[in-house]
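Below: the structure, in structure tokens.
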Amino acid sequence: MSDGVPRDGLRPRFWEKTPLDKLSQPEWEALCDGCGKCCLNKLEDDETGQVDLTRIACRLLDDRSCLCSQYPIRHQFVPECIVLTPKTLADNMYWLPQTCAYRLLAEGRPLFDWHPLVSGETDSVHRAGVSVRGMTVPEFEVDEDDWDDYIIEEPT
């Protein structure tokens, strides 16, 4: 994260100079890199708290774009879908992907070069191999008892 000193004569970008809780709604939404990892179902060990990622996607995830197909009205279909805000971020950090911009910035770390805000290209997250494009299975195709068979390492 920038300390306010311009890089190569450039001004700090909005995410480098504005605290997360001061971002406008469009700025907040722009932080999402479109990787789709937050829309994968996770398994949490009750005893250890360890969270494992699965290839099993929320029924609303578009496997090609890695975006929610019903984002504005997703709660009509998935009431438990978490609304991530600066206020809810701290309680939800444990399950956010390691590469998530919200997590990185909250931890005082910079965005990766492949992040669309840095690269200027919306597909850079997919070209970097960090998204879940083409690797998911819809949740309605997998019996919940078999979810352990779909555990994966996070694409980073």
For [X], check side chain to side chain contact (heavy atoms under 4.5 Å, CB included) against everything at least two apart and list the hits.
X      : answer
Gln98  : Arg103, Glu154
Gln76  : Ile73
Asn41  : Thr54, Ile56, Glu139, Trp147
Asp148 : Leu43, Ile151

Legend entry - Donor-acceptor contact present, side-chain Asp146 to main-chain Asp149, <3.5 Å: no
Given side chains that start at C-beta, do those of [X] and [Y] come closer than 4.5 Å, heavy atoms only?
X      : Y      : result
Arg133 : Arg64  : yes
Arg13  : Thr18  : no
Met135 : Leu40  : no
Trp15  : Val118 : yes
Leu117 : Phe14  : yes
Ser131 : Cys66  : yes
Cys68  : Leu61  : no
Lys42  : Leu53  : yes

Legend entry - Leu31-Leu89 co-clustered via ILVMFWY side chain contacts under 4.5 Å: yes
In terms of heavy-atom contacts, does [atom1] of [X] have more than 12 from other residues, nucleotides or ligands at under 6.0 Å?
X      : atom1 : result
Glu107 : CD    : yes
Asp113 : CG    : no
Glu80  : CD    : yes

Legend entry - Polar side chain donor-acceptor pair, Lys37 to Thr99, under 3.5 angstrom: yes
Between [X] and [Y], which heavy-atom pair has the shortest distance, and what is it?
X      : Y      : result
Asp63  : Val132 : OD1-O, 3.7 Å
Val125 : Cys35  : CG2-CB, 3.9 Å
Thr136 : Ala57  : CB-CB, 3.8 Å

Inset, instruction - Give the C-alpha distance, both sets of side-chain angles, the deciding distance and a yes or no for side-chain contact (heavy atoms from CB on, under 4.5 Å) between Leu84 and Leu96. - result: CA-CA 10 Å; Leu84 196 61; Leu96 287 175; 4.0 Å; yes
Inset, instruction - May I have all residue pairs that pass ring pair (Phe, Tyr, Trp, His ring centres under 6.0 Å) and include part of residues 57-102, sequence neighbours excluded? - result: Trp28-Tyr102
Inset, instruction - Return each pair, listed once, that meets ring pair (Phe, Tyr, Trp, His ring centres under 6.0 Å) where at least one residue sits in residues 107-142; pairs must be two or more places apart or across chains. - result: Phe112-Trp114
Inset, instruction - For the pair Val78 and Cys58, evaluate side-chain contact (heavy atoms from CB on, under 4.5 Å) and give the outcome as yes or no after the intermediate values. - result: CA-CA 9 Å; Val78 185; Cys58 168; 3.9 Å; yes
Inset, instruction - Start with the C-alpha distance between Glu121 and Asp123, add both sets of side-chain angles, then the distance that settles side-chain contact (heavy atoms from CB on, under 4.5 Å), and finish with yes or no. - result: CA-CA 6 Å; Glu121 301 172 14; Asp123 265 9; 5.7 Å; no
Inset, instruction - With rounding to the nearest 0.5 Å, note down the distance linking OG1 in Thr85 to CG in Leu23. - result: 12.0 Å
Inset, instruction - With rounding to the nearest 0.5 Å, note down the distance linking CD1 in Ile82 to CG in Asn92. - result: 4.0 Å
Inset, instruction - Check the pair Arg74 / Val83 against side-chain contact (heavy atoms from CB on, under 4.5 Å), numbers first and verdict last. - result: CA-CA 10 Å; Arg74 66 193 184 278; Val83 177; 3.8 Å; yes
Inset, instruction - Dump the intermediate steps for side-chain hydrogen bond (donor to acceptor under 3.5 Å, both in side chains) on Asp62 and Ser69, then the final yes or no. - result: CA-CA 6 Å; Asp62 178 327; Ser69 63; over 6 Å; no
